[in-house]
Amino acid sequence: MTNFENVRTRYRPDRITTLFVGESAPHGGTFFYNQDSGLFREIRKAFRGKDRFLDNFQKNGFYLDDLVLEPVNQLSAKDRLSLCKSSIASFSKRLRTYKPEAVVILLHRIRPIVLNAIAEAGLSAKLYCTPYPGFGNQPRFHQAMTEIIPNLPVASGSQWKEHYS
């Protein structure tokens, strides 16, 4: 297990209500669960998160996993797509373990691949998709999240409204 996966596992909730799906951790070494990536900053901002955001994210039953468990953003478009497609079986297996009630895909380009993995896993979940919150797409991402967040299932006993409203 890579260091990224060790860190990610520490924040896995007992029951995943909402799974956020990225393409992969960035090649540059930043990572959502290390709290040093653009994705982390934008998701925290979308939830109006404060200190201990990841702890609250976890308590709500939220979890972020990646379609591909190795960086792909440094690859050519062809190699990147190939690696994403070849990750369907592995991601599908993780989905069967997670059994989320909702899935938020964080990049339009991976939507068809994630949908294939969901179908292969035999899951029935509410599906949402946003543009990736980088490369000038931050306003579109935040608009999408404003519409999505109120509909997300949260863990029972969660203080979600107190943390994110």
Carefully, step by step, assess L127 and L115 under the rule side-chain contact (heavy atoms from CB on, under 4.5 Å).
CA-CA 9 Å; L127 299 172; L115 292 179; 3.4 Å; yes
Go through the steps to decide whether R96 and S92 satisfy the test side chain to side chain donor-acceptor pair (under 3.5 Å), and finish with yes or no.
CA-CA 6 Å; R96 280 191 291 277; S92 178; 3.0 Å; yes
ring-ring contact (aromatic ring centres under 6.0 Å, His included) for Y63 and Y98? Distances and angles first, verdict last.
CA-CA 9 Å; Y63 192 58; Y98 300 157; 5.6 Å; yes
Checking side-chain contact (heavy atoms from CB on, under 4.5 Å) for the pair F31/N3: CA distance, chi angles, key distance, verdict?
CA-CA 10 Å; F31 184 56; N3 184 46; over 6 Å; no
Mind running side-chain contact (heavy atoms from CB on, under 4.5 Å) on I149 and F47 for me, showing each step along the way?
CA-CA 8 Å; I149 288 171; F47 279 98; 3.8 Å; yes
When you look at I105 and L67, which way does the side-chain contact (heavy atoms from CB on, under 4.5 Å) test go after all the steps?
CA-CA 10 Å; I105 303 165; L67 173 63; over 6 Å; no
Working for salt bridge (Lys or Arg N to Asp or Glu O under 4.0 Å), residues E23 and R109:
CA-CA 9 Å; E23 182 179 37; R109 183 169 26 82; 2.8 Å; yes
What verdict does the ring-ring contact (aromatic ring centres under 6.0 Å, His included) test give for F4 and F32, after you've listed the backbone C-alpha separation in whole Å, the side-chain angles of each residue and the deciding distance to 0.1 Å?
CA-CA 9 Å; F4 284 155; F32 178 82; over 10 Å; no
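For the atom pair K85 NZ and R80 CZ, the distance stands at 14.5 Å (nearest 0.5 Å). Put simply, CD1 on I118 and CZ on R111 are 9.0 Å apart, with the number rounded to the nearest 0.5 Å. The CG atom of N116 lies 4.5 Å from the CD1 atom of I88; values are rounded to the nearest 0.5 Å. Note that OG1 of T97 and NZ of K99 are 7.0 Å apart. Values are rounded to the nearest 0.5 Å. Considering CD of E101 and NZ of K126, their distance stands at 10.0 Å, rounded to 0.5 Å. With rounding to the nearest 0.5 Å, the separation of CD1 in I113 from CG in L81 is 5.0 Å.
Taking the ring centroids of F53 and F40, they lie under the 6.0 Å cut-off. Aromatic ring centres of F141 and F135: separated by at least 6.0 Å. Between F62 and F20, the gap from one ring centroid to the other is short of 6.0 Å.
Side-chain N or O atoms of S87 include none that pairs as donor or acceptor with a backbone N or O of V68 at under 3.5 Å. With hydrogens and angles ignored, the 3.5 Å screen pairs no side-chain donor or acceptor of T18 with any backbone N or O of A102. Within the 3.5 Å criterion, the main-chain N or O of V72 finds a donor-acceptor partner in the side chain of S24. Checking side-chain atoms of S82 against main-chain N and O of K78 turns up no donor-acceptor pair under 3.5 Å. Using a distance-only test at 3.5 Å, with no hydrogens or angles considered, a donor-acceptor pair links the side chain of N73 to the main chain of H27. Side-chain N or O atoms of D79 include none that pairs as donor or acceptor with a backbone N or O of L75 at under 3.5 Å. One N or O on the side chain of N151 and one on the backbone of E147 form a donor-acceptor pair closer than 3.5 Å.
Closest non-hydrogen pair, A155 versus G61, comes out as CB-N, 3.9 Å. Closest approach of D55 and R52 over heavy atoms only: OD2-NH2, 2.7 Å. A25 and D66 get closest at one heavy-atom pair: N-OD2, 3.5 Å. For G29 against D36, the heavy-atom pair with the smallest separation is O-OD2, 4.4 Å. Taking every heavy atom of both residues into account, L106 and P133 meet most closely at O-CD, 4.5 Å.
Looking at heavy atoms from C-beta onward, R8 lies in side-chain contact with L69 at the 4.5 angstrom threshold. Between L107 and T130, the closest side-chain pair of non-hydrogen atoms is not below 4.5 Å. In this structure, M145 and K45 have side chains that are not in contact, with every pair of non-hydrogen atoms separated by 4.5 Å or more. Contact check for I148 versus V104: side-chain heavy atoms found under the 4.5 Å cut-off. Side chains of L54 and Q35 form a contact here, defined as non-hydrogen atoms less than 4.5 Å apart. Using a 4.5 Å heavy-atom cutoff, the side chains of T17 and P100 are not in contact. With a 4.5 Å cut-off on side-chain heavy atoms, K59 and P13 do not count as touching. Counting only heavy atoms from C-beta outward, the side chains of R140 and H108 approach each other to under 4.5 Å.
Other residues, nucleotides and ligands place more than 12 heavy atoms under 6.0 Å from the CZ atom of R15.
Side-chain contact of R94 with S90: a donor-acceptor pair under 3.5 Å is present, judged by distance alone.
Taking the side chain to side chain donor-acceptor pair (under 3.5 Å) definition, one finds that R12 meets it with nothing, sequence neighbours left out.
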